[in-house]
Amino acid sequence: MRKSAKLTAVYALIMDLPLSIIITLLMMTLSGSLNLPGFIAMSILAYVITFFVNFLPCGKWGFDFAAKHAQPGTLKFGLMVNAVISLVFTVILDIIMTAVGTLVIGHAPVIAFVMGTITGFIPAYVVAFIVAFLMNPVADKLSRKICNEPAPEQH
């Protein structure tokens with residue numbers, strides 16, 4: 001059972017707020033550029049980006065991958081689904097946010113963008129994985145309640 005666009009949007013609004021704030025805080029801290037105005041602007045940008053990423057079929061990709069290696073409803077299955085989804089979010093966020101921070105705001109050379117993207121990826125992925133794994137059940141339950149859409153049955 002596929003999520004409706006309304007449910008996906010409400011889920012994204014709930015799920016992506018803590019994800020965007022924590023990822024932005026991490027990345028700005030790692031780059032040594034943490035300041036309140038920049039943090040607010042970059043958090044908003046991350047929030048907008050992640051909202052739209054929710055409409056990619058990365059949930060299906062994660063489910064399909066996990067279904068090949070684990071039983072639905074198990075911890076292993078949930079971790080595998082989350083690994084794929086977090087990977088998609090992190091790749092997109094890492095590239096866009098690093099480009100904005102280094103190239104657009106910092107006017108740094110392209111090599112700074114490349115190095116920032118590479119060095120920031122693993123910490124961002126780990127944090128995104130943890131935040132998503134912890135927040136997904138909360139965001140899913142709350143968004144389903146708000147939209148009055150039941151959860152699909154696990155088989």
Side-chain angles (χ1 to χ4, degrees), residues 1-31 38-105 113 116-155:
M1 184 170 149
R2 189 173 154 90
K3 286 184 178 181
S4 69
K6 178 182 172 184
L7 180 61
T8 300
V10 172
Y11 172 85
L13 291 171
I14 297 166
M15 177 71 182
D16 295 345
L17 186 60
L19 181 65
S20 299
I21 290 169
I22 293 169
I23 289 292
T24 301
L25 181 62
L26 169 75
M27 299 312 285
M28 290 185 80
T29 301
L30 288 176
S31 71
F39 172 73
I40 292 169
M42 294 299 274
S43 291
I44 291 169
L45 177 61
Y47 192 53
V48 170
I49 293 166
T50 56
F51 177 83
F52 289 106
V53 174
N54 274 284
F55 290 91
L56 294 175
C58 49
K60 181 186 179 335
W61 301 335
F63 184 90
D64 292 347
F65 172 74
K68 293 178 183 176
H69 305 284
Q71 205 59 283
T74 63
L75 177 61
K76 182 179 178 183
F77 184 86
L79 290 171
M80 294 178 91
V81 169
N82 188 41
V84 173
I85 295 170
S86 295
L87 179 66
V88 173
F89 274 76
T90 303
V91 166
I92 293 169
L93 273 176
D94 191 27
I95 291 170
I96 295 172
M97 300 297 286
T98 304
V100 169
T102 59
L103 302 174
V104 177
I105 296 171
F113 160 70
T117 301
I118 292 169
T119 59
F121 178 78
I122 299 236
Y125 180 69
V126 169
V127 169
F129 183 89
I130 293 168
V131 171
F133 190 74
L134 295 174
M135 286 301 302
N136 179 59
V138 174
D140 187 62
K141 185 176 182 179
L142 188 55
S143 63
R144 289 182 184 286
K145 186 175 183 178
I146 291 168
C147 295
N148 198 28
E149 288 190 34
E153 291 183 30
Q154 295 284 333
H155 298 287

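Heads up: numbering here begins at 1 and tracks the sequence.
Atom CG of Asn82 is separated from atom CG of Leu75 by 10.5 Å, given to the nearest 0.5 angstrom. Residue Ile92 holds its CD1 atom at 9.0 Å from CD1 of Ile49, rounded to the nearest 0.5 Å. Put simply, CZ on Phe55 and NZ on Lys3 are 10.0 Å apart, with the number rounded to the nearest 0.5 Å. Taking CE from Met15 and OG from Ser20, the interatomic distance works out to 10.0 Å, rounded to the nearest 0.5 Å. Interatomic distance, Leu13 CG to Thr50 OG1, rounded to the nearest 0.5 Å: 9.0 Å. Note: Ile146 CD1 to Asn148 CG = 11.5 Å, rounded to the nearest 0.5 Å.
A salt bridge is defined here as a Lys NZ or Arg NE, NH1 or NH2 lying under 4.0 Å from an Asp or Glu carboxylate O, and Asp140 with Arg144 meets this definition.
Checked by atom type and distance alone, the side chain of Thr98 never pairs as donor or acceptor with a backbone atom of Ile95 at under 3.5 Å.
Nearest heavy atoms, Asp64 versus Lys60: OD2-NZ, 2.6 Å. The minimum heavy-atom distance linking Val88 with Cys58 is given by the pair CG2-CB, 3.8 Å. In this structure, Ala66 and Val81 approach most closely via the heavy-atom pair CB-CG2, 3.5 Å. Met80 and Phe65 make their closest contact through CE-CE2, 3.6 Å (heavy atoms, listed as atom of the first residue, atom of the second, distance). Closest heavy-atom contact between Cys147 and Val10: SG-CG2, 3.6 Å. Across all non-hydrogen atoms, the minimal contact from Gly38 to Met28 is C-CE, 3.6 Å.
By the 4.5 Å heavy-atom criterion applied to side chains, Trp61 and Ile85 are not counted as neighbours. Residues Phe121 and Leu87 have side chains in contact (heavy-atom distance under 4.5 Å, counting atoms from C-beta outward). Residues Ile21 and Tyr47 form no side-chain contact, since every pair of their non-hydrogen atoms from C-beta on lies 4.5 Å or further apart.
Between Phe129 and Phe133, the ring planes are parallel. Angles under 30° get that label, and only those over 60° would be called perpendicular.
With hydrogens and angles left out, the side-chain atoms of Tyr11 and Asp16 include no donor and acceptor closer than 3.5 Å. Under 3.5 Å, the side chains of Asp94 and Thr90 contain no donor-acceptor pair of N or O atoms.
Environment of CG in Leu142: crowded, with over 12 heavy atoms of neighbouring residues, nucleotides or ligands closer than 6.0 Å.
For Phe89 and Tyr125, the ring centers sit 6.0 Å or farther from each other.
Each of Thr24, Leu25, Ile23 was evaluated against Met42; a single residue qualifies, Thr24, per the side chain to side chain contact (heavy atoms under 4.5 Å, CB included) test.
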